[in-house]
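Before any comments, here is the structure.
Not measured: the values here are computed from a predicted model.
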Amino acid sequence: MEGGKKWKKEEKKKTLEKSKKDYEKKYKYLKKVAKQQVFINAALYDEVANLERHFVRIKAERKWLMKRLFKHLPMSESQVIQSTKALDALERANPGKVPLSILSPVQPEQEKAVVTKKKVKLQSPLVETNRISPTKTSYKTPQTQFEEDIRLSDEKPKRKKPGTARKRVLPLHLDDLGVPLFPITLGTLCVYDLGEVVSHKPGFHSERYIWPVGFCSTRLYPSMKDPDYRVQYFCYIKDGGSDPMFEIIPEDEPDQPITAMTATACHCVVLKRLNTARGKTATNTGSGPEFFGFSHPTIQYLIENLPGANYCEKYQRQNFELAENTTAASGNVIRIDNLPNLLCYNRFQLKLPQI
């Protein structure tokens, strides 16, 4: 009996020792796995933080590139509205994480470095000159150089004289006679008729533009009734006697045309009604030539080559840049060695849009 009890005690002891060893192995394994998970979690956190910083930098670079682009390609009001809505959505999705340089414009006037000028006497005591004091050269980090480029891109360029800036003409397709194929689609702008140049009336041209009678175009733009929707605006240049008459007819209000003596006056009426529909009291400065489309470099080039344009005395011919003869500009398109022939332009065969 005593031997049996002793044997049972030894078996129980062995079982407890074995269980203890098993639990120790499991504990060490779980401790090792938990340690690995902590390191993986820390690495993932660092990677997410780096991606967020990279995302913010890419957004800043995108804005910088957009500003550089819009200096050469003016942006319509509808595109400005879309960009503003996108930035607002970005701020709502990431509150407090989007830098102010993206959500608000840079103010270059407050960041311009002050350059001190010092008068230096020459050998003659009666002659003085202004000399910029030398400044110490310092190393600029890539981020500092990037911010400086954004600041310089925001500075408003000086207005150049008519005809000095080079304007790029798109390689439009031509027919067998060398006449551009209509309608000409340029983004939200669509030109159906270039019109006819009235060179014997001084009021139908200026230093910058020629206003041909019969010019017809359409523009996709926010509706004055409901700015959340876009409608077509039909733009016309008509004969008003000694001066041209500009007219805009919205697609959703064909019985309420907007007429004025200038294209900008028509566009200002549209912007005023849009602000009223949006509940805003601010007034925007319109750009009639851009809205109508006759300020677009390609359209302006075609108007300049219409019959009778050479007899417009006040108009200063622009400096256009045509596409070269490359694979990108192949076929019967406008380029340096394939100029359009608008002497064969017959506007009475064009199909105008119906309101």
>> Taking the ring of F182 and the ring of Y345, is the distance between their centroids below 6.0 Å?
In response: yes
>> Quick check against the 3.5 Å criterion: does Q300 have a side-chain atom that pairs as donor or acceptor with the backbone of R208?
In response: yes
> Is atom CG of D176 surrounded by more than 12 heavy atoms (other residues, nucleotides or ligands) closer than 6.0 Å?
Replying inline: no
> Do side-chain atoms of N50 reach the backbone of D46 as a donor and acceptor pair under 3.5 angstrom?
Replying inline: yes
> Under a 4.0 Å N-O cut-off, is there an ion pair linking K28 with E24?
Replying inline: no
>> Can a donor-acceptor pair be found, under 3.5 Å and without considering hydrogens, that links the side chain of N332 to the backbone of D175?
In response: yes
> V198 and I303: same hydrophobic cluster, using ILVMFWY side-chain contacts below 4.5 Å?
Replying inline: no
> Can you check whether V333's main-chain N or O pairs, donor with acceptor, with N338's side chain at less than 3.5 Å?
Replying inline: yes
>> Tell me whether W211 shares a hydrophobic cluster with M245, the cluster being built from Ile, Leu, Val, Met, Phe, Trp, Tyr side chains joined at under 4.5 Å.
In response: no
> Which pair of non-hydrogen atoms, one from P307 and one from V197, has the smallest distance, and what is that distance?
Replying inline: O-CB, 3.7 Å
> Where does the angle between the aromatic ring planes of F215 and F294 fall among parallel (under 30°), tilted (30 to 60°) and perpendicular (over 60°)?
Replying inline: perpendicular
>> Is the distance between the ring centroids of F291 and H267 under 6.0 Å?
In response: yes
>> Is it true that Y236 and D193 share a donor-acceptor pair across their side chains at a distance under 3.5 Å?
In response: no
> How far apart are the closest heavy atoms of G308 and S199, and which atoms are they?
Replying inline: O-CB, 3.3 Å
> Rounded to the nearest 0.5 Å, how far does CD of E251 lie from CZ of F234?
Replying inline: 5.5 Å
>> Using modelled atom types and a 3.5 Å cut-off, is there a donor and acceptor pairing between side-chain atoms of S223 and backbone atoms of Y229?
In response: no
> At their closest point, which heavy atom of I248 faces which heavy atom of P250, and how far apart are they?
Replying inline: O-CD, 3.9 Å
>> Counting only heavy atoms not in E47 (residues, nucleotides, ligands), do more than 12 fall under 6.0 Å from its CD?
In response: no
> Is the count of non-hydrogen atoms from other residues, nucleotides or ligands lying under 6.0 Å from Q36 atom CD greater than 12?
Replying inline: yes
> Are F320 and L194 connected in a single hydrophobic cluster, I mean Ile/Leu/Val/Met/Phe/Trp/Tyr linked by side-chain heavy atoms less than 4.5 Å apart?
Replying inline: yes
> Can you get from V213 to Y315 by hopping between Ile, Leu, Val, Met, Phe, Trp and Tyr side chains that sit under 4.5 Å apart?
Replying inline: no
> At what distance, to the nearest 0.5 angstrom, does CG of D226 lie from CZ of R278?
Replying inline: 10.5 Å
> Can you get from L181 to I334 by hopping between Ile, Leu, Val, Met, Phe, Trp and Tyr side chains that sit under 4.5 Å apart?
Replying inline: no
>> Quick check: closest heavy atoms across I249 and P257, and the distance to 0.1 Å?
In response: CG1-CB, 3.8 Å
>> Looking at P222, is its backbone amide N or carbonyl O close enough to the side chain of Y233 to form a donor-acceptor pair, meaning the two atoms are under 3.5 Å apart?
In response: yes
> Is any NZ, NE, NH1 or NH2 atom of the basic residue among E207 and K314 found under 4.0 Å from an Asp or Glu carboxylate oxygen of the other?
Replying inline: no
> Which heavy atom of Y192 sits nearest a heavy atom of P353, and at what distance?
Replying inline: CG-CD, 3.5 Å
> Short question: side chain of E304, backbone of Q318 - any donor-acceptor pair under 3.5 Å?
Replying inline: yes
